[in-house]
There are 2 protein chains.
Amino acid sequence: MPPPRTRNRRATINDVATAAGLSRGTVSRVVNGERYVSDEARIAVEEAIASVGYVRNSAARNLVTQESRAIALIIHEPHSLLFEDPNIGSILLGANEVLSRADYQLVSLIIDSDRDSRRVADYLRGGLVDGAVIVSARASDPIASAVRDIGVPAAFVGHPPGTPDLPYVAIDNSAAARSITERLVATGRRRIGMIASAMDRDSGHDRFAGFREAMGSRFDPSLVVEYPLYTYAAGLQGMQELLRRCPEIDGVFAASDAVAAGAMTALQESGRKVPDDVGIVGFDDSSWALRTRPQLSTVRQPADLLGSTAAELVLAQIRGLPSAVQVLDTAVVWRDSA
Amino acid sequence: MPPPRTRNRRATINDVATAAGLSRGTVSRVVNGERYVSDEARIAVEEAIASVGYVRNSAARNLVTQESRAIALIIHEPHSLLFEDPNIGSILLGANEVLSRADYQLVSLIIDSDRDSRRVADYLRGGLVDGAVIVSARASDPIASAVRDIGVPAAFVGHPPGTPDLPYVAIDNSAAARSITERLVATGRRRIGMIASAMDRDSGHDRFAGFREAMGSRFDPSLVVEYPLYTYAAGLQGMQELLRRCPEIDGVFAASDAVAAGAMTALQESGRKVPDDVGIVGFDDSSWALRTRPQLSTVRQPADLLGSTAAELVLAQIRGLPSAVQVLDTAVVWRDSA
DNA sequence: TTGTAAGCGTTATCAA
DNA sequence: TTGATAACGCTTACAA
């Protein structure tokens with residue numbers, strides 16, 4: 001029998017108490033699975049709950065317990081890029097996994113306008129969540145400082161410049177970029193360029209820095225193009241531009257796998273063979289890397305771990321435990337594109 | 001000057017009232033921007049708010065107003081597919097746009113396990129949101145019936161079989177599939193197959209049905225392969241299988257653009273030219289369609305409109321307005337892959 | 001225009 | 001083991 005659809009008024013704990021012939025306190029204890037409830041009381045309450053169709057009002061509960069058992073995940077991603085980047089899905093799933101296990105509800109809030117930004121800040125401020133993990137913040141992101149001011153336990157995925165000193169989890173983009181660039185150099189390429197992206201994010205900025213370091217005196221600024229987003233389109237255009245500037249180019253570091261995939265298309269359209277004529281490497285080891293022909297040499301980044309670790313960082317703060325910055329390992333995975 | 005970080009106790013409306021030398025009621029009126037507040041009172045309250053660092057407690061407010069001004073967007077997507085499908089990002093953004101304009105906070109809840117499913121149901125039941133839009137429900141999805149039982153205003157994107165009779169917004173997958181298949185037939189192909197996917201969703205099921213209808217007596221079941229998810233990998237494997245079964249195949253309808261992209265790779269690896277040797281069409285007109293070479297002929301589906309319309313459906317119910325099922329238009333966009 | 005006071009539906013303390 | 005009762009922080013008649 002479906003619960004009586006009292007669309008007029010929802011049953012309260014009082015209604016249950018009356019129906020069961022017991023007090024509110026006892027009903028509350030049953031609902032929360034506490035000890036010190038006799039079997040007969042428990043049964044009576046359970047029957048009453050079923051008969052009046054009671055469900056607990058979370059607002060009232062949160063008000064008295066002063067917690068919500070929910071954690072926000074704030075996604076501030078440029079419109080066009082949202083979910084084109086497979087990393088963010090993995091981060092989300094990773095965070096959800098650890099929060100779910102700890103019996104917290106993950107609520108994702110997306111910021112797509114200044115208006116959203118304000119509303120999300122209000123949402124956090126209102127005490128509707130006990131903590132927040134922030135992904136894809138850009139340099140000097142207003143939501144980042146808002147979170148700090150609000151004082152809610154929080155952690156970043158990545159650590160953009162200009163970000164308040166909150167705990168974060170990241171990878172060493174610079175070191176990873178250096179490694180893969182060095183590997184590319186070692187294949188004997190002479191003219192190596194880079195398609196840089198998202199320089200206003202720590203990831204984009206640091207990948208470029210790593211490339212530059214690895215190139216040392218061979219670094220040639222005219223062989224670097226820069227685009228705002230990690231997209232296939234950026235790779236396509238970037239490679240075309242590089243080819244225009246220097247037809248003899250024989251190596252390319254693309255700032256992400258999606259960018260590398262676009263670049264590879266441009267290379268093939270220009271009649272060049274990968275890796276024979278030009279070697280190309282990406283970054284992320286996302287699903288893109290296995291889609292290209294040949295498959296991409298790239299840097300593996302543990303996106304799900306990024307998400308789960310960030311979630312753990314905020315959980316630790318909630319529990320009053322110390323939470324330190326975490327830098328996760330990456331690995332170069334060498335396939336056939338270089 | 002940053003607000004005093006009273007980590008000990010948050011200021012309440014009472015503290016503001018005391019500081020301003022006014023009553024709680026007046027403070028509340030100022031906070032909510034109501035009329036009938038003298039300028040001097042308003043100013044005094046605003047100063048007091050700043051000095052004590054007051055922010056309103058949403059749980060308390062929601063408790064008395066009996067609303068949350070938040071709408072849930074429930075994503076029940078198989079782990080691996082989450083956000084590989086660009087449609088879902090567009091749906092999310094579309095919904096966020098209309099809700100944001102109406103000053104509602106969109107909170108996305110993802111379901112990735114049975115445990116999640118129960119927790120999300122509790123979240124909805126608890127009154128933490130005023131409505132819900134459900135995307136990517138599968139046939140007989142438990143969360144779908146939970147939502148119906150809970151009685152919260154809701155709308156589906158799509159209308160899987162076995163779904164309770166709640167308002168939904170969808171496209172006519174079957175008619176669209178028929179159109180593009182007919183167009184493919186008209187190019188003179190003789191042996192046309194299909195790579196079907198997600199048959200447990202209305203979209204997957206109906207696209208296949210449309211294909212079958214359009215093929216009429218030419219329909220050949222041995223030229224159909226079926227995979228659970230709309231993925232690149234499904235397209236890759238599906239096309240290989242089709243080629244094995246029938247090397248002379250000269251036309252393919254892939255159930256989504258991602259699938260088509262995978263199929264195109266398989267075709268090219270087998271040495272076949274698209275569209276000369278085999279014509280291929282997809283579905284969605286997502287970013288995938290412009291990435292393949294040649295670019296994909298496909299069905300344009302207004303993913304953002306799907307999201308915004310679903311949000312409007314929910315809003316209408318909250319406002320007590322009638323809300324009817326909506327079927328959105330699609331269009332065949334013909335490029336070079338067939 | 002402002003103040004008073006009664007809830008909103010829980011949980012939690014303290015007696016019984 | 002159970003029952004009163006006092007919060008939790010806010011909104012909202014109703015009075016003044």
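Bear in mind that the values here come from a model prediction, so they are computed numbers and not experimental data. Below, chain A is the first sequence line, B the second, and so on; all start at residue 1.
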(request) Give the nucleotide from the list D:dT1, D:dA4, C:dA5 with an atom nearest to the side chain of A:R29. (result) D:dA4

(message) Does A:D103 have more than 12 heavy atoms from other residues, nucleotides or ligands lying within 6.0 Å of its CG?
(response) yes

(message) Any base atoms under 4.0 Å from B:S28, or only sugar-phosphate, or nothing? Heavy atoms, all strands.
(response) base

(request) Taking only the side-chain heavy atoms of A:S23 (C-beta and beyond), determine which of D:dG9, D:dA4, D:dT1 contains the nearest atom. (result) D:dA4

(request) Salt-bridge test for A:E40 and A:R42: reply yes if a basic N is under 4.0 Å from a carboxylate O, no otherwise. (result) no

(request) Could you tell me whether B:A41 contacts a base, only the sugar-phosphate backbone, or nothing, with contacts defined as non-hydrogen atoms closer than 4.0 Å? (result) sugar-phosphate

(message) Can you identify which nucleotide, out of D:dT12, C:dA12, C:dC8, has its nearest atom closest to the B:E34 side chain?
(response) D:dT12

(request) Indicate, with a heavy-atom threshold strictly under 4.0 Å, whether A:V45 touches base, sugar-phosphate, or nothing. (result) nothing

(request) Could you check which of C:dT2, D:dT11, C:dT10 has an atom nearest any side-chain atom of B:V37? (result) C:dT2

(message) So if I take every side-chain heavy atom of A:R61 and compare against C:dT11, D:dC10, D:dT12, which nucleotide ends up nearest?
(response) C:dT11

(request) Ignoring hydrogens and angles, answer whether the base of C:dG9 and the side-chain atoms of A:R10 contain a donor-acceptor pair closer than 3.5 Å. (result) no

(request) Between C:dG9, D:dT12, C:dT11, spot the one nearest the side chain of A:I13, thanks. (result) C:dT11

(request) Between B:T26 and A:Y54, name the one whose nearest nucleotide on DNA chain C is closer to the 5' end. (result) B:T26

(request) Between C:dT4, D:dG9, D:dC10, spot the one nearest the side chain of B:R56, thanks. (result) D:dC10

(request) Give a yes or no answer on whether the side chain of A:T309 reaches the backbone of A:V169 with a donor-acceptor pair at less than 3.5 Å. (result) no

(message) Nearest to the A:Q66 side chain among C:dT11, C:dA5, D:dC8, which nucleotide is it?
(response) D:dC8

(request) Before accepting this row, confirm whether a basic side-chain N of the pair B:D122/B:R119 lies closer than 4.0 Å to the acidic partner's carboxylate O. (result) no

(request) For A:N62, answer base if it contacts any base atom (sugar-phosphate contacts may also be present), sugar-phosphate if it contacts only those atoms, and nothing otherwise; contact means non-hydrogen atoms under 4.0 Å. (result) nothing

(message) Are the side chains of B:V147 and B:I74 in contact, using a 4.5 Å heavy-atom criterion?
(response) yes

